[in-house]
Amino acid sequence: MTQNHLYLVDGSGYIFRAYHQLPPLTNQHGQPVGAVYGYTTMLWKLAEELGKAEGPTHMAVILDKGSHTFRNDMYDQYKAHRPPAPEDLVPQFPMIRDATRAFSLPCIEEAGYEADDIIATYTRAAVAAGWHVTIVSSDKDLMQLIQPGVDMYDTMKNERRGADYVMTKFGVRPDQLGDVLALMGDSVDNVPGVPGIGPKTASKLITEYGDLESVLAAAPDMKKSKMQENLIANAEMARLSRRLVALHDTMDLPEPLDDLALKGIPPEPLQAFLSHHGFKTLLNRLGAPAAAVAMAATAAVASDNAPPPPPPHAAEPAIDRSLYETVVTQDALDRWIAAAHAEGLVAVDTETDMLDCVSCGLVGISLAVGPNKACYIPVGHGGTDMFAERPEQLDKALVLAKLKPLLEDDAILKIGQNLKYDMTVLRRHGIEIAPYDDTIVMSFDLDAGQSLAGHGMDEAARVHLDHQCISFKEVVGTGKSQISFAEVPLPRATEYAAEDADVTLRLWKRFKTRIANEGANRVYELVDRPLVGVIAQMEHRGIKVDREHLSRLSAEFTAGIAALETEIHAIAGQPFAIGSTQQLGAILFDKLGYKGGKKGKSGAYSTDVTILEQLAAQGAPIASKVLEWRQLSKLKSTYTDALQAQINKDTGRVHTSYSLTGAQTGRLSSTDPNLQNIPIRTEVGRQIRHAFIAEPGNVILAADYSQIELRLAAHMADVPALKEAFAAGEDIHAATAMQLFGEVNRDTRGRAKTINFAILYGISRWGLAGRLEISADEAQDMISRYYERFPGISIYINETIEKARERGYTETLFGRKTWFPRIRAAVQHERQGAERAAINAPIQGTSADIIKRAMARMGPALEAAGLPGVKMLLQVHDELVFELPEGDVEAASAVIRRVMETAAEPIVKLSVPLGVEIGTGPSWGAAH
DNA sequence: ACCCTCACG
DNA sequence: GACGTACGTGAGGGTA
């Protein structure tokens, strides 16, 4: 006879948790189902416990019914301040019952009692009958019930909890927990507790005196302190709190224990439920063999020889490269694919012969399904030289054909490190990876700004796994002797490539838990993860660049540079390298005797634009010539020459690479080439933008958020005057000028604009003084006036800095954290630098979050509007650039504007409108 | 490898 | 009392 084991599921507690931790999904009927989905996956997980040694023989889901319980009669303030359930959660409550029925599980609720009391009652009854009980919940109140034979199970953290857990968390035995909870109170449920006593003090007192009454009795004799006074004054509150946190375990059982026996889960109702809501991943798994086994199993067959469940914290074996396999036969490949199916997830990494993923060749693919369970599948080794020997390996087309169903399987999670690279490579072979997680993005969403945590794999492995990866350089060498990965011998290639997949999977496990625990879910799921595929696509598309136009400009610039060089050398009286700041400094300040001392630690003369402009104003003709020379050299070397070299031979387009982890604030950055700093501010520079063109029959469309950071500042700092100006569609700098100076003209508007930006960046009076060419005192007056007119701003700045100092990070409206380790630096200017960055990060970061959401939604929105020919090509922080058929301009503009203007919704409700300006033309330059 | 300068938001 | 002063990026050229 096997031991009966009752699982009591805290359904109400779970649904709130699921709601807050999961994205706001909507099913095909337009109903919000995020929490329902979370709830369903939890039941699924429990269903998979069926038949296991520790698995359930009996199960019930317990729910709250109504809100008035006997506790309200006891204390009318109980749960009084709890805000009403969120709008999009309310309709999900009845669906929870549907989900429970779909799993053929009993659902128990009783008016006048909370779910906790029902759970307590069943626990007492089951223990009395000699059963085991597992309470599926993470609620601290329920931890009071833990005792021999009774444990708790947190499905989200995949953790079983016994008395040890309570001891670690609260420092007391489970049977003392009620006393601790009574002393500390609970602000969410409005249990009063004793003022000034938190978890630490409560635990200390109970440990010392044994129980609540002893603490209260001993209070008069304690050392005089605020706490002692509070204990005496609030003894009755403590006793009331004790009764409020006590679980009521003597109600009548709504259903007899034996009726909760599990009889197996018929698949039909479950299937109907899953397909009604479109939960495809689970639906597919319902068909998968592993799940089918679990579903068919009945509780009664929990036999003695069933394998024990793996311990929840099985120590992960150290990385052992000798265990990796080189896959060169079909059988072996099939075996790995089956292993991935059995796990439900697989880490993937691709190896290529070049780093440029738009035209590189695929050399091999590595997979990992568990610690040290990793393999490398070579498909393109030895092919670079027709005389080189080609090692035995599987045919590339065959491997890709076998992997395609796995990599595209809705039910199998693909995990990669910087997946957009692998996505681009595989997309060229007709494979669209989905669903996926990207560990580089996960790392960034957890640790942006943490100086110790690099997001690249080698550094992440060092930091999180204490493991030194084989570096790419070690494998292929550097400089002239560098070889292609295709030439790396297979054993060596396997060690390197399989390790990458192994490490990626190990990192994923850690990050996955942390993301849930550290509140990074929102930004990861709602902002960054969806973007990975979008970015991969944009990089892959590239943008067409007119080579002739650029080379014409190059020639013009060359001529201009040569002429200026002659003039400059003539004025200097000698030839010198104008680009050398050292030589230029010597000419200007030593030979020609202009004033403008040394600067910087290096002791070198500074010759930057502000200095040269000062000299020019003093009447130094050489200074303005040098400035012109610099402008042209910059444009030629960085843009007109470099961009031509970046045009891809195969596509005729320029493919930038976006880094999702490049900017600490959450912005993207662009490299090879950087297309986020193409000139626009000067007329000469702007000509370069005209080289970015559309294909025949198409046009370029540029859509810019107008003043998005100032709008966000107005919202986040709650500045009524600014919000009203934005709502009325006013010129914001003019409105600021009116507020500060009482009149609007060119001068005051310009100053107001400078101040507006200065505010976003964390102002100092000296900085502002320098920009406006006024004294520091005048600048201080201006700042003070700004704070007076817009009081929210100074409050926001102080609060932001204070929070950052306290917690170590700032947060955007979407919960993106940026860490500022230097905000507690002892060195003043380091600390102040961190403070300025901390003021800016929430604003810049929220703006980045919003445009990222717009980007993730853009493709589906255009598709839905019947505009599949509209292609998003570039992102420049507050601007999106598209290429589209001429005839689509009007329809596309409407969709693009709508998606961009509503990108924050429904997660964040802004109190200012977001404005978008759209322009079109034959080139990027013409579209502005 | 580092600094300086300058292109963008 | 002096210091150095706006946030976030990437790239090219010169120099050591």
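Worth knowing before you read on, the calculation uses all heavy atoms, side chains too, and leaves out hydrogens, waters and symmetry mates.
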> Between A/Ala758 and A/Leu768, what is the shortest heavy-atom contact and its length?
Replying inline: CB-CD1, 4.2 Å

> Taking the P atom of each, how far is B/dC2 from C/dA6, in whole Å?
Replying inline: 23 Å

> Should the pair A/Glu709-A/Arg667 be classified as a salt bridge under the 4.0 Å nitrogen-to-oxygen rule?
Replying inline: yes

>> Taking only the P atom of each, what is the distance from C/dA2 to B/dC6 in whole angstrom?
In response: 30 Å

> Separation of A/Arg667 atom CZ from C/dG10 atom P, in whole Å?
Replying inline: 11 Å

> Looking at the side chain of A/Pro679, which of C/dT5, B/dA7, B/dG9 is the nearest nucleotide?
Replying inline: B/dA7

> Per the side-chain contact (heavy atoms from CB on, under 4.5 Å) rule, which among A/Leu635, A/Leu564, A/Thr607 passes with A/Arg630?
Replying inline: A/Thr607

> For A/Gln664, which contact category applies under a 4.0 Å heavy-atom criterion: base, sugar-phosphate, or nothing?
Replying inline: sugar-phosphate

> Does A/Arg765 place a side-chain N or O at less than 4.0 Å from the phosphate oxygens OP1/OP2 of C/dA6?
Replying inline: no

> Looking across every strand, which nucleic acid part, if any, lies under 4.0 Å from A/Ser764 by heavy atom: base, sugar-phosphate, or nothing?
Replying inline: base

>> Measuring only between side-chain heavy atoms, which start at C-beta, is A/Phe882 closer than 4.5 Å to A/Leu873?
In response: no

> DNA chain C: A/Gln828 or A/Gln844, which has the more 5' nearest nucleotide?
Replying inline: A/Gln828

> Do the charged groups of A/Arg541 and A/Glu883 touch, with an N to O distance under 4.0 Å?
Replying inline: no

> Can you check the A/Leu712 CG to C/dG8 C1' distance for me, whole Å?
Replying inline: 15 Å

> Would A/Met782 and A/Tyr787 count as a side-chain contact (heavy atoms from CB on, under 4.5 Å) if you check the C-alpha gap in whole Å, the side-chain angles of each, and the deciding distance to 0.1 Å?
Replying inline: CA-CA 9 Å; A/Met782 221 166 267; A/Tyr787 287 164; over 6 Å; no

>> Under a 3.5 Å threshold, yes or no: a donor from one side chain and an acceptor from the other, between A/His455 and A/Gln450?
In response: no

>> Classify A/Arg836 by what it touches in the nucleic acid, base, sugar-phosphate, or nothing, heavy-atom distance under 4.0 Å.
In response: sugar-phosphate

> Can you give one letter per nucleotide of nucleotides 11-16 of chain C, 5' to 3': B if a protein heavy atom sits under 4.0 Å from the base, S if only from the sugar-phosphate, - if neither?
Replying inline: BSSSSS

> Which residues satisfy the side-chain hydrogen bond (donor to acceptor under 3.5 Å, both in side chains) test with A/Asp528, sequence neighbours excluded?
Replying inline: A/Arg816, A/Lys852

> For A/Ala837, which contact category applies under a 4.0 Å heavy-atom criterion: base, sugar-phosphate, or nothing?
Replying inline: sugar-phosphate

> Mind pulling the stems DNA chain C is in, i.e. runs of at least three Watson-Crick or G-U pairs, everything under 3.5 Å?
Replying inline: B:1-9 with C:7-15

>> Using the C1' atom as the point on both nucleotides, what is the distance between C/dC3 and B/dA7, in whole Å?
In response: 29 Å

>> Base, sugar-phosphate or nothing for A/Arg771? Non-hydrogen atoms, less than 4.0 Å.
In response: base

>> Can you measure A/Ile708 atom CD1 to C/dG8 atom P for me and round it to whole angstrom units?
In response: 19 Å

> Base, sugar-phosphate, or nothing: which does A/Ser657 touch, judged by heavy atoms less than 4.0 Å apart?
Replying inline: nothing

> Quick one: A/Leu760 CG to C/dT9 C1', roughly how many Å, whole number?
Replying inline: 17 Å

>> Under 4.0 Å, counting only non-hydrogen atoms across every strand here, what does A/Ser847 touch: a base, just sugar-phosphate, or nothing?
In response: nothing

> Between C/dT9 atom P and A/Asp878 atom CG, what is the distance in whole Å?
Replying inline: 16 Å

> For the pair made of CZ in A/Phe757 and P in C/dG8, what is the distance, rounded to whole Å?
Replying inline: 16 Å

> Which part of the nucleic acid does A/Ile763 contact within heavy-atom distance under 4.0 Å: base, sugar-phosphate only, or nothing?
Replying inline: nothing

> Please give, in whole Å, the distance from C/dT5 P to A/Asn840 CG?
Replying inline: 18 Å

> Is any side-chain N of the basic residue among A/Glu811 and A/Lys817 closer than 4.0 Å to the acidic one's carboxylate O?
Replying inline: no

> Base, sugar-phosphate alone, or nothing: which one does A/Ile680 contact when heavy atoms must sit under 4.0 Å apart?
Replying inline: sugar-phosphate

> Which nucleotide in the set B/dC8, C/dG8, B/dC6 lies at the smallest distance from any side-chain heavy atom of A/Thr665?
Replying inline: C/dG8

>> So that I know where these two stand, are A/Tyr605 and A/Phe589 an aromatic pair - ring centroids less than 6.0 Å apart?
In response: yes

>> With a 4.5 Å cut-off on side-chain heavy atoms, are A/Arg653 and A/Val545 touching?
In response: no

>> Could you tell me how far apart A/Met782 (CE) and C/dA6 (C1') are, to the nearest whole angstrom?
In response: 16 Å

